[in-house]
Structure formats: structure tokens, C-alpha cells
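Only one structure is covered here, and it is reproduced in the block below.
Letters A, B, ... mirror the listed sequences (proteins, then strands); counts begin at 1. Computed from a prediction, not measured in an experiment: that's the story for all the values here.
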There are 2 protein chains.
Amino acid sequence: MPKKRILPYVLLGLINNKERLSGYQISQEFKNEVGDFWHASHSQIYPELARMKADGWVSDDESDNKSTYYIVTDQGSEILRNWMREPLDDNEELFSLKLYFIKDKSDPLLKDLITQELVLRKLKYQYLQERLKTVFTDDKKIKNNFGHYLILTRAIERERNHIQWLEDKL
Amino acid sequence: MPKKRILPYVLLGLINNKERLSGYQISQEFKNEVGDFWHASHSQIYPELARMKADGWVSDDESDNKSTYYIVTDQGSEILRNWMREPLDDNEELFSLKLYFIKDKSDPLLKDLITQELVLRKLKYQYLQERLKTVFTDDKKIKNNFGHYLILTRAIERERNHIQWLEDKL
DNA sequence: GTCCCCATGTAAAAAGTTACATGATTGT
DNA sequence: ACAATCATGTAACTTTTTACATGGGGAC
């Protein structure tokens with residue numbers, strides 16, 4: 001199966017968050033927090049917006065003349081919602097991305113997302129602990145692959161911290 | 001300036017870690033911890049190894065006939081060392097990657113890397129706290145962009161945890 | 001007047017993924 | 001025998017980056 005495109009959903013989510021955005025504003029958005037888990041350059045953004053408009057996901061708000069502002073159409077809103085509801089997969093950025101697109105604290109998707117992520121992270125946590133046990137069986141192994149050992153123990157601590165945060169939020 | 005290629009250095013580092021690796025083994029390595037911060041498919045790996053051999057970074061260990069095993073040449077070792085010494089830039093995977101390639105606990109690069117990363121992370125931490133103050137000035141802003149608020153506070157907590165770990169290791 | 005930011009667009013190149021291909025070996 | 005894994009390679013395609021291009025507006 002072909003890899004799922006994420007960019008158009010990201011643009012849709014960003015426009016939806018702010019009600020209305022121009023291509024330029026979207027490129028600026030990637031300098032903020034969302035840039036920590038997704039990025040696109042203006043040469044990707046403009047053609048993508050044109051495609052999305054042609055497909056009826058967005059329409060341009062004609063009220064302005066210096067910039068082309070886009071707003072999410074009803075169809076786009078439906079498409080975004082369906083995408084938000086798709087289960088998380090192995091792409092680790094999807095959780096943050098989808099979370100970022102939730103505007104309202106009472107949105108039922110919020111709890112669902114966190115619950116899903118919690119399952120995935122606990123599995124990863126267990127897997128990493130197994131790895132630690134199987135790869136570093138004695139001190140000599142640690143001594144001879146110290147960077148690997150640090151990365152692995154860091155990953156475990158990171159998961160632990162993340163899991164705790166997720167549980168706090170539930 | 002053109003973007004720096006990382007793949008050949010990753011392959012060099014992986015081969016260096018294990019002394020000798022085949023293309024197939026490298027593709028398997030990406031299923032382990034290193035896959036958390038870098039990945040390449042076999043269709044990237046094999047041609048890249050051929051280029052690296054042509055450039056004298058690696059040579060193939062003829063002692064085997066079922067697989068082509070590569071070993072790092074003296075020149076490759078020098079190139080890897082120089083790359084390891086280059087300062088960290090805005091690519092956040094570089095720290096983990098380079099750390100993974102440090103075999104010996106007493107390697108002076110280890111302390112240097114952690115110190116560099118600590119500077120970068122503290123800057124990021126301060127920046128994120130500023131963002132929190134400027135973006136979420138009142139409860140209404142939090143209420144209307146709850147996902148964004150969560151992502152930002154999560155990022156701050158993640159940095160805090162990471163900084164603490166880095167300081168522990170120094 | 002020159003530099004920087006706003007604003008949009010296309011073209012060319014590089015990087016990365018998926019699909020197509022082939023043959024050996026190992027396990028059941 | 002059949003399936004799975006080992007092992008390598010190329011071709012086609014998609015995604016992303018960098019470079020090229022243009023024009024308006026405000027600051028100094």
C-alpha cells in the first residue's frame with residue numbers, strides 16, 4: 001500500500017485551528033511549536049493549497065487582496081475529522097500533530113487520542129526494557145558500547161516521563 | 001549552501017560500532033534503537049555503500065563469500081572523527097546519533113557532546129517558557145486552543161526532563 | 001536607495017519510499 | 001514442496017529541499 005500523505009491534513013488542521021490562513025502564514029506557523037513535529041517549505045505549501053482548493057477541501061476568502069487566505073470548507077472539515085479519528089500508526093509525530101489540532105478541551109477525541117498513545121507508549125516502554133536486558137547482559141557490553149547504552153537508558157527514561165504525563169492528563 | 005548529507009556518516013558510524021557489517025545487517029540495525037532517530041531502506045543503503053567504497057571511506061572484507069561485509073578504512077575513520085567533532089546544529093537527531101556512535105566511556109567527545117546538547121536544550125527550554133507566557137496570556141486562550149496548550153506544556157516538561165538527564169550524566 | 005520582510009510562484013535537484021527482480025538458504 | 005528469511009540490486013515514483021524569480025511595502 002502507498003504511504004499515507006500527511007501534508008494536506010497538516011495544512012487543513014492548521015487552517016482549521018486559526019479559522020483562516022494564507023500560505024505565507026502557514027509557512028510562519030512551522031517556526032512555532034508545530035515545527036517541532038512537522039515542517040514544510042513554501043514551495044510545498046503553495047502548490048498543495050492549490051490542489052486542496054481544486055479538490056474542494058478549502059476555499060479562498062476573497063475579502064482580502066494582498067494575500068490569499070484559505071478557509072476550510074464543509075467537505076474539508078469532514079475530511080479533517082475523519083483523519084483525526086483514524087487510529088495512530090507507527091508514525092510517532094501523529095499523536096502530537098493531532099493533539100495540536102484539537103481546539104476544545106471537551107472534544108471526545110482528546111481522551112481517545114491520549115488513551116491510544118498510552119497503549120503505544122507502554123508497549124514501547126516494555127520493549128525497550130527487554131532490549132536493555134538482552135543487549136547489555138554484562139558490564140563489559142556496557143563499557144564497549146557506552147553511547148548505545150546511554151541512548152537506550154535515555155529512551156527508557158523518556159518513555160517513562162511521557163507515560164506519566166499521559167496518565168496525569170487522563 | 002547545500003544541506004549536509006547525513007546518511008553516509010550514519011553508515012560509517014554503524015560499521016565502525018560493529019567493526020564490520022553487511023548492507024543487509026545495516027538495514028536490520030535500523031530496526032533497533034538507532035531506528036528511533038534515523039532510518040534508511042535497503043535501496044538507499046546498497047548504492048550508498050558502493051559510493052562510499054568508491055570514495056575510499058570503506059573497503060569490503062573479502063574473507064566472506066555469501067555477504068559483502070564492509071569495514072571502515074583509515075580515511076573513513078578520519079572522516080567519521082571529523083564529522084563527530086562538528087558542532088551540533090538545528091537537526092535534533094544529531095545528538096542521539098553521535099552519542100550512539102561513541103563506543104568508549106572515556107572518549108572526550110562524550111562530555112563535549114553532552115555539554116553542547118545541554119546549551120541547546122536550555123535555550124530551547126527558555127524559549128518554550130517565553131512562548132507559553134506570550135501565547136497563553138489568559139484562560140480563554142487556553143480553553144480555545146487546548147491541544148496547542150498541551151503540546152507546549154508537554155514540550156516544556158520534556159525539555160526539563162532531558163536537561164536533568166544531561167546534567168546527571170555530566 | 002538599499003535592505004529586509006511580505007507574499008507567491010516554478011524549476012531543478014536530492015532524498016527517501018515502494019515496487020520489481022533474482023537467487024540462496026533454512027525450516028517445516 | 002512451500003514459506004520465510006537472507007541478501008543484493010535497480011527502476012519508478014513521491015516527497016522534500018534548494019535555488020531561481022518577481023514584485024510590493026516599510027524602515028533607516
query = Looking at A/E167 and A/K122, does any basic side-chain N land under 4.0 Å from a carboxylate oxygen?
reply = yes
task = Considering just the side-chain nitrogens and oxygens of A/Q44, establish if one lies under 4.0 Å of OP1 or OP2 belonging to D/dT15.
result = no
Of the listed nucleotides D/dT16, D/dT8, D/dC6, the one nearest the side chain of A/L7 = D/dT16
query = If you take atom types as modelled and just measure distance, does the side chain of A/S43 reach the base of D/dT16 with a donor-acceptor pair under 3.5 Å?
reply = no
query = Please give, in whole Å, the distance from D/dT17 P to B/N91 CG?
reply = 11 Å
request  = Considering only NZ, NE, NH1 and NH2 on the basic side and carboxylate oxygens on the acidic side, decide whether A/R81 and A/D107 come within less than 4.0 Å.
outcome  = yes
query = Salt-bridged, B/K124 to B/D90, with N to O below 4.0 Å?
reply = no
query = Rounded to the nearest Å, what distance is computed from the CD1 atom of residue A/I45 to the P atom of nucleotide D/dT16?
reply = 11 Å
request  = Between B/Y69 and A/W38, just flag the one whose closest nucleotide in DNA chain D comes earlier from the 5' side.
outcome  = B/Y69
inquiry  = In this structure, how many angstroms lie between the P atom of C/dC5 and the NE2 atom of A/H42, rounded?
reply    = 15 Å
query = Is A/S67 touching bases, backbone alone, or none of the nucleic acid, heavy atoms closer than 4.0 Å?
reply = sugar-phosphate
request  = Look at A/T68 and C/dT8 and indicate whether a side-chain polar atom (N or O) is within less than 4.0 Å of OP1 or OP2.
outcome  = yes
request  = Round to the nearest Å and state the distance from B/D90 atom CG to D/dT17 atom P.
outcome  = 11 Å
ask   = For A/E48 and D/dT17, what is the distance between atoms CD and P respectively, to the nearest whole Å?
value = 14 Å
ask   = OP1 or OP2 of D/dG9 sitting under 4.0 Å from any side-chain N/O of B/Y46?
value = no
query = Is there a donor and acceptor pair, one atom on the side chain of B/H39 and one on the base of C/dG16, closer than 3.5 Å?
reply = no
key: Length of the CG-P vector between B/L49 and D/dG9, whole Å   = 9 Å
inquiry  = Can you see if the side chain of A/Y24 gets near the phosphate of C/dC6 - specifically, an N or O under 4.0 Å from OP1 or OP2?
reply    = yes
task = Give the rounded distance in Å between these two atoms: CZ of B/R51 and P of C/dG16.
result = 11 Å
request  = Specify the separation, in whole Å, of atom CG of A/L21 and atom P of C/dA7.
outcome  = 12 Å
query = Do NZ/NE/NH1/NH2 and the carboxylate oxygens of A/E92 and A/R121 come within less than 4.0 Å?
reply = yes
ask   = Quick one: is D/dA7 close enough that its OP1 or OP2 comes under 4.0 Å of any side-chain N or O from B/K66?
value = yes
key: Any side-chain donor near an acceptor of the partner, A/H162 and A/E117, under 3.5 Å   = yes
query = Is there a side-chain polar atom (N or O) of B/R5 under 4.0 Å from OP1 or OP2 of C/dA15?
reply = yes
